[in-house]
There are 2 protein chains.
Amino acid sequence: MCGLRIDKPELRRITMSLLEQSIHNYFGLMQAQDLHTVSSLFHVHEIKKGVFFLKSGKSCDKLSFIQNGLLRIYTLQDGKEVTQWISSPGYFVTDLSSLMFDTPARWNIQALSDCSLYTISKADYKNIGKLVPGWHELEKLFIAKCFTILEDRIHSHLSMSAEERYAYFFERNKELFNQVPLQYIASMLGMTPETFSRIRKKHIS
Amino acid sequence: MCGLRIDKPELRRITMSLLEQSIHNYFGLMQAQDLHTVSSLFHVHEIKKGVFFLKSGKSCDKLSFIQNGLLRIYTLQDGKEVTQWISSPGYFVTDLSSLMFDTPARWNIQALSDCSLYTISKADYKNIGKLVPGWHELEKLFIAKCFTILEDRIHSHLSMSAEERYAYFFERNKELFNQVPLQYIASMLGMTPETFSRIRKKHIS
DNA sequence: CTGATTTCTTGATTTAAATCAAGAGCGCCC
DNA sequence: GGGCGCTCTTGATTTAAATCAAGAAATCAG
């Protein structure tokens with residue numbers, strides 16, 4: 001959903017409670033029982049490579065946490081695909097405006113590989129606030145954090161060249177580069193595959 | 001703080017309750033007494049043209065609603081100013097990450113004209129949630145809305161030319177074009193003043 | 001009102017990045 | 001294992017936008 005993700009691979013090994021750990025990590029202090037209440041609303045949900053998690057124009061009726069796999073968020077603009085973001089393990093994935101405001105989804109979200117998700121329905125999601133005191137505040141802080149990450153991303157387009165954006169993103173997301181078609185990363189950084197390839201060559205040698 | 005603003009000039013004439021109207025407008029349904037509780041925490045705050053509302057690196061200890069005037073949010077990057085946003089009447093202005101997470105401010109915020117603000121201190125702001133039931137939920141929705149606006153802005157950098165960004169922004173913010181130095185708008189749209197000037201010429205004639 | 005900044009425009013030139021075009025590498029499936 | 005469809009690379013060329021350089025307009029201060 002945005003550029004915020006747990007960055008503690010060691011947590012990912014504790015399969016049992018990855019979701020709980022993540023909620024803890026993202027949303028901060030919460031009573032153990034509340035943590036359990038929240039995570040129990042999520043259900044294991046597997047999707048195969050190529051399957052659409054969401055199609056633009058539809059209503060997004062779920063929020064998912066990625067345990068494994070990669071999903072691409074993109075639009076079709078004048079026949080061209082524009083990749084907005086690639087979500088990887090540790091991210092939440094949804095169309096926030098559609099989930100929250102019941103507007104038609106703006107994004108296509110498609111699995112780039114077989115994915116293992118924890119998914120909560122829109123109805124259950126909208127109910128968390130009633131079950132867990134303080135939930136809205138935690139979620140507010142989470143979304144605010146996502147907001148500031150997007151601010152930075154905008155700033156990168158105002159102040160950096162394609163090469164600088166490449167270097168900045170590569171430094172923070174090395175692992176993505178050998179897991180997804182590079183053209184998608186190129187698009188996400190606002191450049192063509194050709195430009196991406198040339199910059200990449202420079203940075204390898 | 002982002003691209004979300006009331007767009008009902010008729011409301012601005014009702015001076016008495018502009019702030020309340022705006023809170024109502026932004027944050028949705030609220031009991032009249034809660035609305036009053038919130039708005040009473042804001043205090044009139046005038047700043048002169050050129051004065052800094054915030055300097056980057058400092059802590060942002062307030063949140064303001066703009067009744068009148070314009071403020072520019074920018075950074076200094078390698079000796080160059082990069083304008084992130086221009087806030088106008090109807091907007092809230094703050095450094096969200098500094099306000100919420102007590103990090104050093106990332107932005108400089110400077111008055112482009114004499115400004116008339118309603119300001120709430122960080123302490124009072126952080127207390128609203130205790131005074132007004134449901135506040136965090138409303139604020140969450142507000143920030144989520146801001147988030148989706150930034151998503152769109154990023155998308156515009158991935159999919160549009162400088163000229164398209166100009167046209168898109170102009171359509172929605174005509175009034176800004178004769179109120180602020182155009183170089184700031186140029187920077188905000190990610191182009192040089194020269195490019196901006198040439199595009200503008202085309203669109204005028 | 002006037003001189004001094006600041007802001008904007010315009011033209012010439014350069015540069016970064018896009019586009020066009022072709023080929024290479026590689027996984028995949030029958 | 002050979003052919004087919006992606007994906008990536010590389011080179012040649014074009015183009016959008018940046019940079020450089022002056023002037024013109026507008027704004028501001030005294």
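Lettering of chains follows the sequences in order, A, B, ..., and the numbering in each one begins at 1.
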Review point. Regarding B/Lys62 and the six-membered ring of B/Phe53, is the cationic atom NZ or CZ under 6.0 Å from the ring centre and inside 45° of its axis?
Key: yes
Check your understanding: With a distance cut-off below 6.0 Å to the six-membered ring centre and an angular limit of 45° from the axis, does A/Lys202 pair with A/Tyr166 as a cation-pi contact?
Key -> no
Review point. Are A/His136 and B/His136 close enough that their ring centers fall under 6.0 Å?
Key: no
**Study point:** Which nucleotide in C/dA17, D/dA18, C/dC8 has an atom nearest any side-chain atom of A/Ala162
**Key:** C/dA17
Revision key, fill the gap. Per atom distances to the A/Tyr184 side chain, the nearest of D/dT7, C/dT19, C/dT10 is D/dT7
Revision key, fill the gap. Of A/Arg198 and B/Ile204, the one whose closest nucleotide on DNA chain C sits nearer the 5' end is B/Ile204
Check your understanding: In terms of side-chain heavy atoms of B/Pro181, which of D/dT10, C/dT7, D/dC8 is nearest?
Key -> C/dT7
Point to revise | A/Lys174 to A/Phe170, cation-pi by 6.0 Å centre distance and 45° axis angle | key: yes
Would you list the protein and nucleotides 23-30 of chain D atom pairs, both N or O, that sit under 3.5 Å from each other?
residue: D/dC28; atom: OP1; partner: B/Lys49; partner atom: NZ; Å: 3.2

Practice item. For A/Gln183 and C/dA18, give me the distance from atom CD to atom P, rounded to whole Å. Key: 15 Å
Review point. Between C/dT10, C/dA18, D/dT10, which nucleotide gets closest to the side-chain atoms of B/Lys201?
Key: C/dT10
Review point. Over how many whole Å does the gap from A/Asn178 atom CG to D/dC8 atom P extend?
Key: 12 Å
Check your understanding: Tell me: CD of B/Glu163 to P of C/dA18, nearest whole Å?
Key -> 17 Å
Exercise for review: Please determine if A/Lys126 and A/Asp102 form a salt bridge, counting it only when a charged side-chain N lies under 4.0 Å from a carboxylate O.
Suggested key: yes
Point to revise | Ring geometry between B/Phe177 and B/Phe196 (parallel below 30°, tilted from 30 to 60°, perpendicular above 60°) | key: parallel
Review point. Given C/dA18, is OP1 or OP2 found less than 4.0 Å from the side-chain N or O atoms of A/Thr195?
Key: yes
Check your understanding: Between the axis at one end of the helix from C/dC1-D/dG30 to C/dC30-D/dG1 and the axis at the other (five pairs apiece), what's the angle to 10 degrees?
Key -> 50°
Review point. With a 3.5 Å cut-off and no angle check, do the side chains of B/Ser97 and B/Asp95 form a donor-acceptor pair?
Key: yes
Practice item. Could you work out which one of D/dT7, C/dT19, C/dC8 sits closest to the side chain of A/Glu194? Key: C/dT19
Practice item. Can you figure out which of D/dT9, C/dA18, D/dA18 approaches the side chain of A/Arg200 most closely? Key: D/dT9
Revision key, fill the gap. Given the options A/Tyr91, A/Tyr125, A/Phe92, A/Phe65 meets ring-ring contact (aromatic ring centres under 6.0 Å, His included) only with A/Phe92
Point to revise | Distance in angstrom units between B/Arg72 CZ and C/dT6 P, rounded | key: 13 Å
Practice item. For B/Ser88 and B/Leu70, work out which heavy atoms get closest and say how close. Key: CB-CD2, 3.3 Å
**Study point:** Rounded distance (Å) that lies between atom P of C/dA18 and atom CG of A/Leu189
**Key:** 11 Å
Practice item. Examine B/His155 together with A/Trp85 and report whether their ring centres are nearer than 6.0 Å. Key: no
Exercise for review: Could you tell me the separation between the CG atom of B/Leu182 and the P atom of C/dT10, rounded to a whole number of Å?
Suggested key: 13 Å
**Study point:** Any B/Thr192 side-chain N or O less than 4.0 Å from OP1/OP2 of D/dA18
**Key:** yes
